[in-house]
There are 2 protein chains.
Amino acid sequence: MATIKDVAEYSGVSVATVSRAVNNSGYVHEDTRKKIDAAIKALNYRPNETARSLYNKKSKIIGLLLPDISNPFFTLVARGVEDAALQRGYHIIIGNSDQNVEKESRYIETFKVNNCAGFISSTLQMIDASQYISNLGMAHVTLDRTDDTSFAVEADHYKGGRLQATHLVEQGCRRLLVVYGNQKFSSFKKRFEGARDALGEFDVEFDAVELASDEIDESLMTQLADYDGLICYNDLVAIQLLGLLQRYGQRVPDDIQVVGYDDILISSHTYPSLTTIHQPAYRLGRIACDQLIALLNDEKIDRYMSIDVHLIARESTRSEKHE
Amino acid sequence: MATIKDVAEYSGVSVATVSRAVNNSGYVHEDTRKKIDAAIKALNYRPNETARSLYNKKSKIIGLLLPDISNPFFTLVARGVEDAALQRGYHIIIGNSDQNVEKESRYIETFKVNNCAGFISSTLQMIDASQYISNLGMAHVTLDRTDDTSFAVEADHYKGGRLQATHLVEQGCRRLLVVYGNQKFSSFKKRFEGARDALGEFDVEFDAVELASDEIDESLMTQLADYDGLICYNDLVAIQLLGLLQRYGQRVPDDIQVVGYDDILISSHTYPSLTTIHQPAYRLGRIACDQLIALLNDEKIDRYMSIDVHLIARESTRSEKHE
DNA sequence: GTGAAAGCGCTAACAT
DNA sequence: ATGTTAGCGCTTTCAC
């Protein structure tokens, strides 16, 4: 691979001039610029980013720390981040924390020692996370799962929860089960609170149960039979429940209605298709990335951004008009 | 962030000695090692990987070029690669090519200028790809979508195709539709060939049609009604078709049986759950990564590895025993 | 066993 | 407008 020195020799100027030409910094005569461009093309020169980032103490790489990329929601977030990054000349390195504090800090360390410009995370479980990060001196934006101290971008989960509940009540449900996720995550917590508050206002009876996606099996059926509506904290769980219910002869939405959360791609393809809350995962990723880059450029950004969500009515609830 | 120089001063030795201690290269007295370890701990020193990779001309980062991480299959592959990499002290930077030649080469270039140790790809559409890569002097392993010139790891798609066809015929199908994917990808090509050959041997009638996942809508129903079995080139398509069929009153598996390919997570949760070919996506990723790292360590590896696949019988076909 | 010094490829003073 | 040079943090000869 050709280096800047090769280009300098080939075009008969110094490396400083080449550097100036490449970076459009400082003066460089039109004629010499032409010579340099020719040399670059002839030698197929590309600046070595490692050397650049060693000097600058910042690379053009953004870290992205996700709980688990196997979840289609985060996969879309990642695409959003990547596309936004690419547009501005950055690249991303992805890490899965698996909700594991040790992996988390290992990744943050990795980002640091690789001179990442900053990172986006949606999973900080570390205590004193923001303290730790600011010590590291890295730019940081929090996504979807928020704490109160960092820059944050998230969907309006409280509203999402309210929408789930409201829709089901409007479609006639009177005996609901709210299936909620791990409450230590702000996103799940707010969804639950939204649903709970709305249900309270409607004065509709409901039970609530925490359910991890790997805990779903036939043993649930006895409970499920009691309800005429299910509010699920994400689509993955909703789809599993949908399968389970049908396998045991329950008709959806006639016997029981189901609403999910996320609007992952598959949710519109199942039968019945899933009524759900659409969160703009891709857009969330883009925005978080744009925010981070703004931060890197010392632009002022909002400390907190809330992104709107809306309900998409499909076949798993009784609403007339489907999309 | 503390540098090697800080550690050297703190422990009263030279940077060279610290470097030797950190890397376990060359001699360093037990006592001085102790002092250095203490200094490292006190200063919370971590070697700057950028500086290392500038010197070594190789970073501890592996590039991973995927067609689209939104596809759950590739998502699992990525997890496999990541986990394997992590175990050996590497990290990954992921790029989505979106089947786009330009993005492809941009990413490969990115890998190069960031001193990536090597990369894994499952999507090279560039002409002369292997030529181009070997010019770059990067280690490279091809995954799932193979050409003949690189090191390659892939599942046995021909067998997978045969299994799909054989199963459907055994379950009584006599009029099949093979829904196949873009034949320029070896993986889809081999699946189709396997199914076609098996069907030929059984002397069973079939039609074949190429179908992208965004081309699926009601207009297909007139065609679909003619068949008693559907062989799909992946689960995503199979699930969409499953939904479509049911929405139009076809009973699966009574009227028509469906078999998918990939065994993504969701396939066991739909109703009816999907009979499919299990490809070990995670393991594929791990193996590809292990191969690449072996390559980097100048170990001898097989030029081509074929990984076994098997059929998982579920509710979308008539087999008695489900998993 | 340890240290001095060169150099990986680049950028940014500073001098000219 | 261009060149010289120091230095980013590290590893590795090569002396001692």
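When reading the values below, keep in mind they use all heavy atoms of this one structure, side chains included, and skip hydrogens, waters and symmetry mates.
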Separation of [N] [atom2] from [X] [atom1] (nearest whole Å):
X	N	atom1	atom2	value
A:N114	D:dC8	CG	C1'	16 Å
A:R33	D:dT2	CZ	C1'	13 Å
A:Y55	C:dG7	OH	C1'	17 Å
B:D31	C:dT2	CG	C1'	14 Å
A:K5	C:dT11	NZ	P	16 Å
B:K112	C:dG9	NZ	C1'	13 Å
B:D6	D:dC8	CG	P	11 Å
A:E49	C:dC8	CD	C1'	15 Å

Open item on the list: I'd like to know whether CD of B:E102 has more than 12 heavy-atom contacts from other residues, nucleotides or ligands below 6.0 angstrom.
Closed with: no

Task: NZ/A:K189: more than 12 non-hydrogen atoms of other groups inside 6.0 Å - done: no

On the nucleotide [N], are OP1 or OP2 found under 4.0 Å from the side-chain N or O atoms that [X] carries?
X	N	result
A:N23	C:dT11	yes
B:R52	D:dG9	no
A:Y45	C:dC10	yes

Could you please name the option among [options] that lies closest to any side-chain atom of [X]?
X	options	result
B:R20	D:dC10, C:dC10, D:dT13	D:dT13
B:L54	C:dG9, C:dG1, D:dT4	C:dG9
A:A16	C:dA4, C:dC10, D:dG3	D:dG3
A:Y27	D:dT11, C:dA5, D:dT2	D:dT2
A:T17	C:dC10, C:dC8, D:dT2	D:dT2
A:N48	C:dG3, D:dT12, C:dC10	C:dC10
A:K57	D:dG9, C:dG1, D:dT2	D:dG9
B:A51	D:dG9, C:dA4, D:dT4	D:dG9
A:H29	C:dT11, C:dC10, D:dA1	D:dA1

Salt bridge check: are [X] and [Y] linked by an N-O gap of less than 4.0 Å?
X	Y	result
A:D68	B:R79	yes
B:E109	B:K112	no
A:D290	A:R88	yes

Open item on the list: Base, sugar-phosphate or nothing for B:T3? Non-hydrogen atoms, less than 4.0 Å.
Closed with: sugar-phosphate

Task: Sugar-phosphate, base or nothing in reach of B:T32, heavy atoms under 4.0 Å - done: sugar-phosphate

Open item on the list: Nearest heavy atom decides the nucleotide; on that basis, is B:E30 or B:N56 closer to the 5' end of DNA chain C?
Closed with: B:E30

TODO: Have a look at B:S150 and tell me which of B:T142, B:L143, B:V141 forms a side-chain contact (heavy atoms from CB on, under 4.5 Å) with it.
DONE: B:T142

